[in-house]
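These notes are about the structure you will find just below.
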Amino acid sequence: MADSPGERAAPRQPAARRDGEIAAFLGLGEADRKHRLRILYGKTQHVADEVVCSLMLQAWREDWRDADAYSAEVIRRVAKHVRAHARKNPGWSQLGGGLKAVVDDFCGAVLIAMVGDSADPCYAEVAFGDFVYRRCLDCADKLYALKHSGGISLDDEESTEAQVQQASTSDLSSGQRSPEQLLIELEEELLQSFQLEKIKGLVQTDLPELQRNAFSFRYYGLMKIESKNPSELTVVRMMGCTEKTASKYIRQALATIIERLKS
Amino acid sequence: MTIRSNDRPSVEEVLRDYSSASHTFDPAALNDFLHRYPEYSESLVAYTSVWLMSARATSEEIQAEEVPAAEMLSIQSKALALLHQVKQQTPVGTAPNEALSHFDSVQSGKRSTEETTRLEAVSPMSPVFEVIESLKRTTTDASRSRLRAWLESLLGRDVPTDVSPKQMAFRRLIYVTEPIHAAARASTDVIHVNLVVSKDERVEINWDKVSGSVDIRPMRRDGSPLLLCVVDADIGEPVELVDESGHLARMLIITDQSFTAHGAKFKNPVFVLFGKQ
């Protein structure tokens, strides 16, 4: 699982702005500054993303002559992050009109969020990569919300609950494996056979909304389907449905994923 | 400018706080937010789903990502245009997070007459002081707390407790403090600030550092003077700047270092200006 629960982050502003590095950079001549900005990550004298971000924000607020140069460099770095994240999340491109459109839109949104952060130093100045990824998630959330409100979903959600109730009754009375047994077997097969990262792509692109949510809460959020502890977060509580319905969604999701991976 | 009818933060603010509450998904954090903001539970659940099913590129993958030159140029061009658009619509010195709402206005093409007036009114301004337009944010308890903490850190003392929430819901906050001393012109030690308080009117503040006097002169944009009535005031009391037609602006004195202007006793030049009431 990519995200394990319980790891609390450091405070939102975990470090000071890199004032020393900024001052040292600004002490360079114009040609040297340009040269330093071109030095790639991992090389000596590479200028950290956070430093460039601080320079851009300062330049932007104080109308520096070379404000656009710093902005362009920050945009270049943001674009690399956004493109890499978007590649790993095909659902974003599917909903956002393709990779290029997503990168365009997300970059603009990240940049605006960056200049709009009133904290000093702002989040991007102390954790650039984390800031960009979180703003990407914000944008992705809006895409999924648009899809939800636009009725693009392939779910037949209104009738699903009733169907599930009927289906689960017949499942249980058929004398075949119980849902729990099936779930365990499928889960084992899933964990043994496939990389979860690939599955994330399928979850985003191939699953209807309710199956996708149930699967994500169960396997990526590591939530139980149901619990006697009323304060525990469970799939049932998150989705506001019955345990049978939640189990059904998860089984359907697993079946779809396995089918796609085998094909 | 929109005034929120209650003290609850927006769903966007809640989601942003939630996403920043922990580095990775934390059920305890989600539980906490669901309890605090039950009205946004649907959005919190949806956001959690997106968060959980999304995959983050590694540092190596990011560095290996090659954006074609033409595509990068296009991205930079669009983003820079967006940035300039926001900058043009954002008053100098305005709290940067206001930029987002300005951006939204620009993008949607909807801007109220009131906002148009407000934007025209406060730009451009001297960089030696800072203006924060934050009525929307300061209507929330959390924002007022942040504002109070900020003011207290600025002043190095407690902000008077008799400042009411209504007073704290100011329209413009102008502070003139230590950075002004540094920015004083060495030759004259006089600070001159033009403060635009409405589309057609402005207040000119001249602070003579040597004598410690402050001259506050409201005038119309065309330069014609307005009558000014400044009353003596104590900490926490509003000071009214009045012209013939009524209120022009109100200031709240929030420190106790005295100075005089127009025969009136003023405190250290730290003002909260409310604008038209």
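No hydrogens, no waters, no symmetry mates; every other heavy atom, side chains included, goes into these values. To find a chain, count down the sequence lines: A is the first, B the second, and so on, and within it residues start at 1.
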Please say which of A:Val115, A:Leu111, A:Ile112 ends up in a side-chain contact (heavy atoms from CB on, under 4.5 Å) with B:Leu82.
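Going through the options one by one, the only one that passes is A:Ile112.
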Would you say [X]'s side chain and [Y]'s backbone share a donor-acceptor pair under 3.5 angstrom?
X: A:Asn89; Y: B:Ala55; answer: yes
X: B:Asn31; Y: A:Glu232; answer: no
X: A:Lys80; Y: B:Ala64; answer: no
X: A:His85; Y: B:Arg56; answer: no

Is [X] in contact with chain A via its backbone, its side chain, both, or neither, using a 4.5 Å heavy-atom distance?
X: B:Met53; result: both
X: B:Ser77; result: neither
X: B:Leu15; result: side chain

Using a cut-off of under 4.5 Å for heavy-atom pairs, which of B:Val50, B:Ile62, B:Leu44, B:Val67 has the most such pairs with chain A?
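Highest number of pairs under 4.5 Å: B:Ile62.
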Please tell me if the side chains of [X] and [Y] come closer than 4.5 Å, counting only heavy atoms from C-beta onward.
X: A:Tyr220; Y: B:Ser49; value: no
X: A:Leu137; Y: B:Tyr47; value: yes
X: B:Leu30; Y: A:Leu233; value: yes
X: A:Tyr219; Y: B:Leu52; value: no
X: A:Ser231; Y: B:His35; value: no

Is the shortest distance from a Lys or Arg side-chain nitrogen in A:Asp117 or B:Arg16 to a carboxylate oxygen in the other one below 4.0 Å?
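No, A:Asp117 and B:Arg16 are not salt-bridged.
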Side-chain ion pair, B:Glu66 and A:Arg83, N-O less than 4.0 Å:
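Between A:Arg83 and B:Glu66 there is no salt bridge, as every charged N stays at least 4.0 Å from the carboxylate O atoms.
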What part of A:Met239 gets within 4.5 angstrom of chain B, counting heavy atoms only: side chain, backbone, both, or neither?
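A:Met239 has no heavy atom closer than 4.5 Å to chain B.
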Segment of A:Arg87 engaging chain B (4.5 angstrom heavy-atom cut-off):
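Contact with chain B is through the side chain of A:Arg87 alone.
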For B:Glu61 and A:Lys88, run salt bridge (charged side-chain N to carboxylate O under 4.0 Å, His left out): C-alpha distance rounded to whole Å, both residues' side-chain angles, the deciding distance at 0.1 Å, then the answer.
CA-CA 10 Å; B:Glu61 287 168 332; A:Lys88 294 197 82 166; 3.1 Å; yes
